[in-house]
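What follows is a set of notes on a single structure, which appears directly below.
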Amino acid sequence: MCGIVGYVGERRVVPIILEGLKRLEYRGYDSAGLVYLQEGRLHKYRSEGKLANLEEKMEKVADLDSTIGLGHTRWATHGAPSEKNAHPHTDCTGELVVVHNGIIENYHTLREGLQARGHVFQSETDTEVLAHLIEEQLDGDLVAAVRKALAQVVGSYALGVMWTGEPDILVAVRNQSPLVLGVKEGGGCLMASDIPALLPYTKQVIFLDDQELAVLGRNHWRVESLVGGAAVTKKIHTIDWNASMAEKGGYKHFMLKEIYEQPQAILNTYRGRVDPETGVVDLPEIGLAAEKLCGIERIALVACGTSWHAALVAKYWLEKWVGIPVEVDIASEFRYRRLLVNDKVLVIPISQSGETADTLAGLRRAKAMGATVVTICNVVGSTMTREADGVIYTHAGPEIGVASTKAFTCQLTALFLLTLYLGRVRQTITAADGLALAQGLLSLPAMLEGELPRLQEETAVIAEEFAKSRDFLYLGRGVNFPIALEGALKLKEISYIHAEGYAAGELKHGPIALIDDEMPVLALVPQDGVYEKVISNVEEVKARRGRLILIGSAGDASLARIGDRCVALPALHEDLAPILYTVPLQLLSYEIASLRGCDVDQPRNLAKSVTVE
Ligand code: AGP
């Protein structure tokens, strides 16, 4: 996600901003910029790539005496990474400037209207519309102008605003993107996307809530409701984290932080793409006309590792709801085998990084053979997104932990949206089914938010019992078979325990020979269409004294009757179980790896993005 830092006070602002942005680097970014106000003018500097490039620019600037400014590190969501698209962004006059973290969903419409009214845009970003909207409302009062401008905006924003007409204040606004304030006895105020940027300056922080606007001055601050302007009383918290913990938001590891970010990440991924009233999904970014999509005869999903597991789940969804044959290939196989690909095949490379060598090679081969290629990716401007015909972005934000968690559940979210979209376009899903499925998806963030603390507690207890195991077997059936594979991959890649995922029905074709009173077997047993079959499978394990961990539906008495350990999950549409049932497996792997003293975020031998064969 993007990083914001702002300061107004008595000290020189540029060093404070650069230090603050440095402490937000962990959030991931592709460009950076800052702006300060000096002698009545805005001075803006931006650079692509690492923060060091911006620092180098600033070293060449003389008389940096300004004491008010804003800084930003950009994680691109609209518009490729470039200096032109880097924040800050100004209005037409160059006297008003904004930095932003979030997604302006209605920016197309807003931009068209602004351009029709004569505004000239310098970038491809959604953010820039905010500067021009505020400019239009400016009438001597910055706060009032910000309030009126944001009344036109749909989407998420953490926003910093500065204007030469009121050179002693900054305006900060939060709506669904984090923004914290830092205050200090003796004066000086800061705003930042996250606590680490504040810590070198103060440990006294104020957490803005959604729809709140703050005015920061050299020795005063206030918070108002964004709508209506009523004063809001805020508590000042004292932070006792060290810098390293603060980067992880108080979590011990990035992986745990990213597991907990999944509710918001899933919401960010479907936001603006599904109508909650009708369940209608729209994916204009695919860039393919309806008749083209109706002409597709086959889909080929191509990916590696965890992304390949997402592809395996999508096969069940697409074949069930769109009625089209779906092949799933590991990319390193796809790129070399004899392919039956042509212009009637939709090839979908799935990749968090957008740089995985095998998947990229598969994309290029598919394009060369005339296929239409739409990639599902988490990194704007990555190679795959620039070479595909269309892109469906996951909005998981940067994933720092090598073991993929939130990117995976966001890939599933994007693939589920694609299923609903294709089903609507090809008229294979009824409006009623489409609405039920969409409502199931939209219920997930709140459900997950509520369950995460309990799931971590319960999996931590199970981890104590099994952390010394040498082998693990994961079982699942149907749409949850790929989740058994994913659970096994999570465990092996961060705890180094050998773990295998298997289709539950395969047990008697060999793996059952492994079962004894040492072998932990984790089975996914939601009460879905294959529930009875999986129960039979786990009974076979129990009969051979296997040690069973069952992940199933709340209220299912069989879990405790059969399992040695159980984790119960809330009821939901059976097709959505893969997204929910992944989370306890992520947490179990995390807890076991932590107990084993493994480097959870940077496991041995692994890289976050495998850019070589
Ligand atoms: C997942 O936990 C692993 N880190 C790995 O399997 C990963 O999913 C795989 O390398 C594919 O990466 P990508 O999604 O960036 O293409």
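Please read all numbers here as calculations on a predicted model, not as lab measurements. Numbering of ligands and ligand atoms starts at 1, following listing order.
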Identify whether the distance between the nearest side-chain nitrogen and carboxylate oxygen of D358 and R335 falls below 4.0 Å.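 So D358 pairs with R335 through a salt bridge.
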
Close side-chain approach of R273 and H395, heavy atoms under 4.5 Å: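 In contact.
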
Are S31 and E83 close enough that a side-chain donor and a side-chain acceptor fall under 3.5 Å?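 Note: S31 and E83 side chains miss the donor-acceptor criterion.
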
If you measure only the distance, is there a donor-acceptor pair under 3.5 Å linking the side chains of Y590 and Q586?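 Absent: no donor and acceptor within the cut-off.
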
Note down each nitrogen or oxygen pair, ligand 1 side and protein side, whose separation is under 3.5 Å; give only atom names and the distance to 0.1 Å.
from: ligand 1; atom 1: 2 (O); to: T306; atom 2: OG1; distance (Å): 3.3
from: ligand 1; atom 1: 2 (O); to: S404; atom 2: N; distance (Å): 2.8
from: ligand 1; atom 1: 2 (O); to: K490; atom 2: NZ; distance (Å): 2.9
from: ligand 1; atom 1: 2 (O); to: E493; atom 2: OE1; distance (Å): 3.3
from: ligand 1; atom 1: 2 (O); to: E493; atom 2: OE2; distance (Å): 2.5
from: ligand 1; atom 1: 4 (N); to: V402; atom 2: O; distance (Å): 2.9
from: ligand 1; atom 1: 6 (O); to: T306; atom 2: N; distance (Å): 3.3
from: ligand 1; atom 1: 8 (O); to: T306; atom 2: N; distance (Å): 3.1
from: ligand 1; atom 1: 14 (O); to: S307; atom 2: OG; distance (Å): 2.6
from: ligand 1; atom 1: 14 (O); to: Q352; atom 2: N; distance (Å): 2.7
from: ligand 1; atom 1: 15 (O); to: S351; atom 2: OG; distance (Å): 3.4
from: ligand 1; atom 1: 15 (O); to: Q352; atom 2: N; distance (Å): 3.4
from: ligand 1; atom 1: 15 (O); to: S353; atom 2: N; distance (Å): 2.9
from: ligand 1; atom 1: 15 (O); to: S353; atom 2: OG; distance (Å): 2.7
from: ligand 1; atom 1: 15 (O); to: T356; atom 2: OG1; distance (Å): 3.4
from: ligand 1; atom 1: 16 (O); to: S351; atom 2: OG; distance (Å): 2.7
from: ligand 1; atom 1: 16 (O); to: T356; atom 2: OG1; distance (Å): 2.5

Residues 572-585, side-chain donor-acceptor partners within the protein, below 3.5 Å, at least two apart:
from: H573; atom 1: ND1; to: D575; atom 2: N; distance (Å): 3.0
from: E574; atom 1: OE1; to: G529; atom 2: N; distance (Å): 3.2
from: D575; atom 1: OD1; to: K320; atom 2: NZ; distance (Å): 3.1
from: D575; atom 1: OD2; to: K320; atom 2: NZ; distance (Å): 3.0
from: D575; atom 1: OD2; to: W321; atom 2: NE1; distance (Å): 2.7
from: Y581; atom 1: OH; to: G552; atom 2: O; distance (Å): 3.4
from: T582; atom 1: OG1; to: P578; atom 2: O; distance (Å): 2.5

Would one find more than 12 heavy atoms of other residues, nucleotides or ligands at under 6.0 Å from atom CZ of R337?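 Yes, because the 6.0 Å sphere around CZ of R337 holds more than 12 heavy atoms from other groups.
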
